[in-house]
Protein chains: 2
Amino acid sequence: MPADGPLRIGSLLYEGVDQIDLTGPFEVLSRLPGATVRLYGVGSGPVRDDNGLRLLPDATLEDAPALDVLHVPGGSGQERLMEDGRVLGWLRRQAEGAARVFSVCTGALLLGAAGLLEGRRATTYWAVHHLLPLYGAVPVDARVVADGRFLFAAGVTSGLDAALRLAAELRGEAVAQRIQLEIAYAPEPPFQSGRPDLAPPEVLAAATAGMAERTARRSAAAERWAAARRPPR
Amino acid sequence: MPADGPLRIGSLLYEGVDQIDLTGPFEVLSRLPGATVRLYGVGSGPVRDDNGLRLLPDATLEDAPALDVLHVPGGSGQERLMEDGRVLGWLRRQAEGAARVFSVCTGALLLGAAGLLEGRRATTYWAVHHLLPLYGAVPVDARVVADGRFLFAAGVTSGLDAALRLAAELRGEAVAQRIQLEIAYAPEPPFQSGRPDLAPPEVLAAATAGMAERTARRSAAAERWAAARRPPR
């Protein structure tokens, strides 16, 4: 990766993305000197995120140039793309030539469905972390995991931490630190509840119960994927 | 504020908003039970944020109901609204009846221009923090500052911290902690550079120089505002 020169960064945009998986890294990466960050939509129209925020793509998948950085956010809409050959093929083709492939949250499951996790150290959202081995990945219990050209942010807001790390790799630490200062990223969470091992047990139980159906669907998709890959006896 | 029941949250959306001032709080507040978060645009079409992200408003200012929570994000586009009577009048009217008025970053300067900071303890983005007294505010050097119904987040990503605090005030700590777990907000910044007193001196110098023109324009606007309010001799 050159220390300067143009840098084409592209984010996958789809209905039901969790917007901060996308907008957190956007805030950091769009400030990199020479970088353009574009949103490539599964469709050409506006999408609603998981909670209703409306975002517009800059272009559709087929309009994307060969990307230097492929950014794959997660969100409940990821489920509908897990067997979408067009999207998975696009991810495979872009990942092949990209200098960096960067997933946030359940974006890692999309990379898994595209066959891109086999043999890789990876992380994903805490509620589905146990599914990584079904995609052939080596699960690592960390907020940010790097494996060669691949970078994985565990969940939702972790995209900010990973994007700053990526910024330093792409343009140097001083640039990343300047961006951190510009975006005033000196977090002061008012509670200690951002990880399953930190959250009060009743809070963890409520969150887990609230997403049980979604987790079950994601498990079933991972099982199907793994079964289809298993060598016939 | 009732512990449940509908909660109408509205964010001001304008060209040149810094998107994470808006999307950070959106991620938290849209998960509150009973809450709807809507983006009210200065115009009815899509806007580009400071760095090019395209967002769509749900409605225009005039379509907004009386809000329970008025959320005012910052960004370079704030400058163009500092003498916009329609927007400032809307902020004043909404602030009058709202249970909470919540600014992020230079959104506080918009509240200042609307005359809403006089006598209030407040904070804003580090590069313009010294302008708060021109709007009659008592500047407080903190990431999140509360004064009665008003809540101020200092800069950009601080909207996440403030929104979690607001979530706890509106719906209780257990709900806020659950949201924090859902969005995996256990930050691990790779550098310590998110505040002027933490950043390496050369990083602070570069960031300050990079925004010097913008800071000068913001200072001039604040001076004009203060001069217009000064009693004639």
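Naming: A, B, ... by sequence-line order, numbering from 1 per chain. As the structure is a prediction and not an experimental result, all values here were calculated from the model.
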Options B/A206, B/A174, B/G155, ranked by heavy-atom pairs under 4.5 Å with chain A, top entry | B/A206
Answer with side chain, backbone, both or neither: which region of A/L204 has an atom nearer than 4.5 Å to a non-hydrogen atom of chain B?
-> both
Given B/R195, B/Q19, B/R165, the one with more heavy-atom pairs under 4.5 angstrom with chain A than any other is B/Q19
So which of A/D161, A/L164, A/L22 has the largest heavy-atom pair count under 4.5 angstrom toward chain B?
-> A/D161
Most contacts with chain B, counted as non-hydrogen pairs under 4.5 angstrom, among A/V156, A/L55, A/L181 | A/L181
Given a strict heavy-atom distance threshold of 4.5 Å, which part of B/A199 is in contact with chain A: side chain, backbone, both, or neither?
-> side chain
B/D141/B/R121 under salt bridge (Lys or Arg N to Asp or Glu O under 4.0 Å): CA gap, chis, key distance, verdict = CA-CA 10 Å; B/D141 184 17; B/R121 302 169 72 247; over 6 Å; no
Determine the option with the most heavy-atom pairs under 4.5 angstrom with chain B, choosing from A/S30, A/P187, A/G210, A/P200.
-> A/P187
Once you round to the nearest 0.5 Å, how far does CZ of B/R178 lie from CD of B/E173?
-> 16.0 Å
Among the listed options A/D58, A/T36, A/T157, the residue most often paired with chain B at heavy-atom distances under 4.5 Å = A/T157
Interface check, chain B: of A/Q180, A/R54, A/M211, A/E182, most non-hydrogen pairs under 4.5 Å belong to A/Q180
Say whether A/T106 and A/R214, considering side chains only, have a donor N or O and an acceptor N or O under 3.5 Å apart.
-> no
Region of B/Q192 in contact with chain A, defined by heavy-atom distances below 4.5 Å = backbone
Could you check A/R217 against A/E79 for salt bridge (Lys or Arg N to Asp or Glu O under 4.0 Å), going step by step and ending with a plain yes or no?
-> CA-CA 8 Å; A/R217 286 195 304 271; A/E79 293 177 42; 2.6 Å; yes
For the pair A/D68 (side chain) and A/A98 (backbone), establish whether a donor and an acceptor sit closer than 3.5 Å, ignoring hydrogens and angles.
-> no
In terms of heavy-atom proximity below 4.5 Å to chain B, should A/L53 be classed as side chain, backbone, both, or neither?
-> both
Would you say B/S193's side chain and A/Q177's backbone share a donor-acceptor pair under 3.5 angstrom?
-> yes
Find the one option among B/Y185, B/Y125, B/W126 whose heavy-atom pairs under 4.5 Å with chain A are most numerous.
-> B/Y185
Going through the distances and angles, do A/R80 and A/E15 end up as a salt bridge (Lys or Arg N to Asp or Glu O under 4.0 Å)?
-> CA-CA 9 Å; A/R80 280 189 301 275; A/E15 188 78 18; 5.8 Å; no
When rounded to the nearest 0.5 Å, the distance separating CG of B/D63 from OH of B/Y40 is 8.0 Å
With a 4.5 angstrom heavy-atom cut-off, which part of A/P196 approaches chain B: side chain, backbone, both or neither?
-> both
Between chain A and each of B/P190, B/P189, B/A162, count heavy-atom pairs under 4.5 Å; write down the option with the most.
-> B/P189
Of B/D49, B/D18, B/D50, the one forming a salt bridge (charged side-chain N to carboxylate O under 4.0 Å, His left out) with A/R31 is B/D18
